[in-house]
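Whatever order the structure lists ligands and atoms in, that order sets their numbers, starting from 1.
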Amino acid sequence: MSKRLEKLREIMKEKGFDALFATSPEAHLYLSGFANPDGCLLVTVNGGAYAFEDFRYIEAAKREINRNDFEVIMPEGPRKEWLGTALSVSCSRVVAYEDATLTCRSLESLKKELPEAELVPAGDILYSLRVSKDESEVECIVKAQRIAEKSFMELLPLINYDCTETFVAAQLEFLMRKNGSEGASFETIAVSGKNSSSPHGVPRNVKLERGFLTLDFGATVGGYHSDMTRTVVIGRADEKMKHLYNTVLDAQLAALEAIKEGESCFKMDKIARDIIYGRGYEGAFGHALGHGVGLEVHEAPALSPRSGDRNLKAGDIVTVEPGIYLEGKYGCRIEDMVYITPGGARNLTDCTKELIEI
Ligand SMILES: [Mn+2]
């Protein structure tokens, strides 16, 4: 049995779940190793595990899913029949559902279809497994990151004053696909001039403004995301812009220097925040220092003032992305991804942070 299923069943036993009905694309990929956004899985404690795949996916599912772990089934007829049968043959009464992603409407249908089952929220059970990345997952994320970096370097010579923000975003996404990405990790951010003061600004169909150009983007490999941000300058940076850029960079380098297994997530945020606020930018860093990255581009743990007593653990992959945003003027952010290792940390990002003027 796969380690993931083994661990999942252990936690299910502890929680008193007889079965987990997994409906999110992330859970499907994580547990079965096969991507089907419309498939669903039933993992039982006392019986087997089932992967329900429709006609569009069944051939690939049979090829790619480990049959020692899952019985691969193309369901026919109404769900209450095939799901109900799987539950009754495994004597499953307490059935956990993915409350983080299942819609209210789907839950109501499930309740009607499975009147014998006690439906309970799965809570963090899958997230707690997913947070620690194994070697194969790190490999996917590193591959995605290399694609993103290569694409960024290929993009730079293509940027000129006639480019629009939407063109720059599209070009970067094209380069990532060309270099082997399955898709963009999220809507690519390419914001220039005044638009760069919005941390998650939307690219406009207007020519690049002089000043900062912030590019926040990621590639995906094997369903795993990368995430990076670089800020370059269109034209020349004046002294104030250089001061701001160097403050963001110093804040990031200080956090990167400190980050390692056992350190507190809160403290990592504070190290960067203190530098930024201490140099005259009080209140201008309005988001968290970082977040976990994996099958979703934002997952646990957060490096934030609200991280509580969560400490970094070996296996975590987190971003370190301080920024400074001056309303009505401009903004700047620099983001790397870090893998927390036993006793240390490894920066997964390999890309220049020198101030680039275009
Ligand atoms: Mn990020």
Side-chain angles (χ1 to χ4, degrees), residues 26 127 130-131 133 137-138 140-149 151-152 155 168-169 172-173 176 181-191 195-203 212-221 223-232 245 248-249 251-256 259 265-266 268-273 276 284-307 310 312 315-325 331-340 345-353:
E26 290 80 17
Y127 296 100
R130 274 171 46 192
V131 68
K133 273 72 180 178
E137 295 177 291
V138 178
C140 286
I141 292 173
V142 168
K143 271 187 193 162
Q145 179 53 30
R146 292 296 164 270
I147 290 171
E149 290 156 4
S151 306
F152 172 69
L155 172 75
V168 171
L172 188 48
E173 289 183 9
M176 289 194 290
S181 173
E182 291 156 2
S185 266
F186 49 89
E187 296 278 336
T188 298
I189 296 173
V191 286
N195 203 18
S196 64
S197 67
S198 298
H200 276 192
V202 177
F212 287 123
L213 166 64
T214 300
L215 299 162
D216 187 350
F217 55 100
T220 56
V221 169
Y224 286 84
H225 297 265
S226 71
D227 192 4
M228 73 179 285
T229 305
R230 287 294 181 268
T231 300
V232 300
Y245 187 90
V248 173
L249 184 56
Q252 198 217 23
L253 293 176
L256 289 172
I259 200 165
C265 294
F266 167 83
M268 297 304 100
D269 179 275
K270 188 167 178 352
I271 287 170
R273 198 167 297 281
I276 289 173
F285 173 30
H287 58 74
L289 178 69
H291 54 85
V293 184
L295 286 171
E296 287 172 275
V297 74
H298 292 122
E299 45 183 67
L303 308 183
S304 127
R306 294 171 298 282
S307 288
R310 169 67 151 91
L312 289 159
D316 287 338
I317 292 185
V318 291
T319 65
V320 176
E321 48 176 313
I324 297 174
Y325 312 92
C332 165
R333 177 169 66 260
I334 304 171
E335 173 180 30
D336 286 356
M337 260 189 325
V338 176
Y339 178 43
I340 308 300
R346 183 180 140 211
N347 194 332
L348 301 180
T349 309
D350 181 15
C351 183
T352 181
K353 287 180 254 194

Look at the N, O or S atoms of D227, main chain and side chain alike, and state whether any lies under 2.8 Å from the Mn ion (ligand 1). yes
Backbone or side chain, does H298 get an N/O/S atom under 2.8 Å to the Mn ion (ligand 1)?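 Of the N, O and S atoms in H298, none lies under 2.8 Å from the Mn ion (ligand 1), which means no.
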SB check R130 E26 (cutoff 4.0 Å): no
Before moving on, can you tell me the angle at the Mn ion (ligand 1) between the OE2 atom of E335 and the OE2 atom of E321, to the nearest 10 degrees? 80°
For the pair H287 and Y325, name the ring-plane relationship: parallel under 30°, tilted 30 to 60°, perpendicular over 60°. tilted
Do Y224 and E137 have side-chain atoms, one donor and one acceptor, less than 3.5 Å apart?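 There is such a pair (donor and acceptor under 3.5 Å, judged by atom type) between the side chains of Y224 and E137.
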Kindly compute the distance separating CD1 (I259) from CD1 (I340), expressed to the nearest 0.5 Å.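 Reported to 0.5 Å precision, the distance equals 4.0 Å.
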